[in-house]
Engineer: 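So that we are looking at the same thing, I have put the structure below in structure tokens.
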2 protein chains.
Amino acid sequence: MSEPHWLTQEERATWLALTGLITKLPGALDAQLTRDAGLSFYEYMVLAMLAESDDGVLRMSALAELTNGSLSRLSHVVQRLERQDLVRRETCADDRRATNAILTDEGRDRVEAAAPGHVRHARTLVVDAVSAQDLATFGRVGEAILDRVADQRRG
Amino acid sequence: MSEPHWLTQEERATWLALTGLITKLPGALDAQLTRDAGLSFYEYMVLAMLAESDDGVLRMSALAELTNGSLSRLSHVVQRLERQDLVRRETCADDRRATNAILTDEGRDRVEAAAPGHVRHARTLVVDAVSAQDLATFGRVGEAILDRVADQRRG
DNA sequence: CTCCTTTTGTTTATGGTTCAAGTAATCCTA
DNA sequence: TAGGATTACTTGAACCATAAACAAAAGGAG
């Protein structure tokens with residue numbers, strides 16, 4: 001017997017596409033990056049966000065926001081990156097509760113080496129998969145969903 | 001200094017929305033389901049796909065496909081569900097290599113109890129977040145991406 | 001028929017994420 | 001200017017996912 005569908009057929013197809021995406025895409029991104037650069041996707045994001053910041057320095061809490069991760073997750077990951085000398089940590093002078101994550105030269109080399117392949121992969125899987133217009137719509141919907149997720153966590 | 005952008009600004013925004021989605025949405029879905037039904041999202045998918053099948057019976061490999069998971073992951077999860085008497089396993093009579101996963105009455109009760117809240121959550125976060133037309137576009141793009149991910153794994 | 005390959009699934013080990021608790025500095029209120 | 005609350009982050013344990021090795025049945029070539 002089949003469970004009742006409280007979504008229309010088209011809504012359900014969209015929902016299943018989205019759930020497929022969130023279960024399969026992380027693995028696909030991790031696979032390319034670990035194979036070609038020895039980094040997980042999340043590790044790459046941490047390094048990339050630092051590289052894009054003005055001087056390669058960001059507070060842990062800011063970095064957690066930018067990478068969409070929890071502070072706890074970030075703390076563990078930065079600890080691992082620190083062991084490889086890709087990042088180092090300093091307690092912030094202004095507010096001694098806070099700590100700054102700082103990209104090392106070696107860390108910068110590593111992201112810069114990883115970036116081209118990662119971007120090419122992003123193009124192959126996503127950006128070049130559909131028309132520019134559909135991609136733009138896809139992005140706007142994604143942002144709308146993220147807003148709702150954020151609302152959920154607050155309220 | 002900022003890393004060069006090999007994506008246009010709009011492409012990059014879309015890409016970041018997607019990466020945000022794949023890192024935050026799983027947690028949001030797990031949170032609702034564990035809180036309200038004591039199931040992870042993946043566990044829910046396993047039970048739901050069984051419930052939607054004709055007689056609550058599916059081969060492990062078919063179930064893995066439907067839930068977007070690896071056979072290994074599924075095997076572990078079904079083992080846990082089996083301990084809770086939500087599912088049981090039988091080796092398939094036709095092909096004795098294969099295993100059928102079978103939804104128990106208790107398992108069916110459990111999904112049916114969980115479903116309304118889950119669907120409501122899906123509506124709140126996604127389906128009702130945007131216009132029907134944008135949602136449809138979003139779904140089509142998602143499917144196109146999934147196709148590319150599948151291609152990647154093969155060739 | 002026999003052997004080799006492929007399919008199907010399980011299991012073990014490893015590593016990463018999350019959750020809850022803990023620490024330390026800062027803020028705020030009276 | 002205490003004192004308690006809040007913020008910012010870290011840590012340890014429990015849990016889950018992944019990957020690689022394994023087992024067992026089926027298919028296929030000679």
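Sequence lines set the chain letters: A, B, ... in the order given, protein chains first and strands last, and positions in each chain run from 1.
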Engineer: Which sits closer to the 5' end of DNA chain D, A/Met60 or B/Glu43, going by the nucleotide each is nearest to?
Structural biologist: A/Met60
Engineer: Taking the nucleotide of DNA chain C with the closest heavy atom to each, which residue, B/Ser61 or A/Arg73, is nearer the 5' end?
Structural biologist: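 By nearest-heavy-atom nucleotide position, the 5'-most residue is B/Ser61.
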Engineer: Among B/Asp30, B/Asp36, B/Thr34, exactly one meets side chain to side chain donor-acceptor pair (under 3.5 Å) together with B/Gln32. Which residue is that?
Structural biologist: B/Asp36
Engineer: Atom OH of A/Tyr42 to atom C1' of D/dT18: distance rounded to whole Å?
Structural biologist: 20 Å
Engineer: Check whether any side-chain heavy atom of B/His76 lies under 4.5 Å from a side-chain heavy atom of B/Arg80, and answer yes or no.
Structural biologist: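 Yes; the side chains approach each other to less than 4.5 Å.
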Engineer: Any N/O pairs under 3.5 Å between the protein and nucleotides 22-29 of chain C? List them or say none.
Structural biologist:
| unit_1 | atom_1 | unit_2 | atom_2 | d |
| --- | --- | --- | --- | --- |
| C/dT26 | OP1 | A/Arg96 | N | 3.2 |

Engineer: So, does A/Thr67 use its side chain to make a donor-acceptor pair with the main chain of A/Met45 at under 3.5 Å?
Structural biologist: no
Engineer: For B/Glu65, look at atom CD and say whether over 12 heavy atoms of other residues, nucleotides or ligands are found less than 6.0 Å away.
Structural biologist: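 Atom CD in B/Glu65 is not crowded, with 12 or fewer foreign heavy atoms closer than 6.0 Å.
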Engineer: Does a side-chain N-to-carboxylate-O contact under 4.0 Å join B/Glu143 and B/Arg148?
Structural biologist: no
Engineer: Measure the distance from CZ on B/Arg59 to P on C/dT10 and round it to the nearest whole Å.
Structural biologist: 13 Å
Engineer: Please write out the pairs of protein N or O atoms and N or O atoms of nucleotides 11-15 of chain C separated by less than 3.5 Å, giving the distance to one decimal.
Structural biologist:
| unit_1 | atom_1 | unit_2 | atom_2 | d |
| --- | --- | --- | --- | --- |
| C/dT11 | O4 | B/Ser72 | OG | 3.0 |
| C/dT12 | O4 | B/His76 | NE2 | 2.9 |

Engineer: Taking the side chain as everything from C-beta on, heavy atoms only, tell me whether A/Met60 gets closer than 4.5 Å to A/Cys92.
Structural biologist: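 Sidechains of A/Cys92 and A/Met60: no contact.
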Engineer: Measure the distance from CD on B/Glu82 to C1' on C/dG9 and round it to the nearest whole Å.
Structural biologist: 13 Å
Engineer: Expressed in angstrom and rounded to an integer, what is the separation of A/Arg35 atom CZ from D/dT18 atom P?
Structural biologist: 17 Å
Engineer: Within a strict 4.5 Å, meaning less than it, do heavy atoms of the A/Thr137 and B/Phe138 side chains meet?
Structural biologist: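 In short, these two side chains do not touch, never coming nearer than 4.5 Å.
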Engineer: Starting from C1' on D/dC9, measure out to CD on A/Glu65 and report it in whole angstrom.
Structural biologist: 15 Å
Engineer: Rounded to whole Å, how long is the line connecting atom CG of B/Leu63 with atom P of C/dT8?
Structural biologist: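 Between P of C/dT8 and CG of B/Leu63: 15 Å.
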Engineer: Please report the distance, rounded to the nearest Å, between CZ in A/Phe41 and P in C/dG16.
Structural biologist: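 About 16 Å, once rounded to whole Å.
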Engineer: Taking A/Glu82 for the side chain and A/Gln79 for the main chain, is one N or O donor matched with an acceptor at less than 3.5 Å?
Structural biologist: no
Engineer: How many whole angstroms separate atom CD1 of A/Ile22 from atom P of D/dA17?
Structural biologist: 13 Å
Engineer: Look at A/Glu90 together with A/Arg88 and state whether they make a salt bridge at an N to O cut-off of under 4.0 Å.
Structural biologist: yes
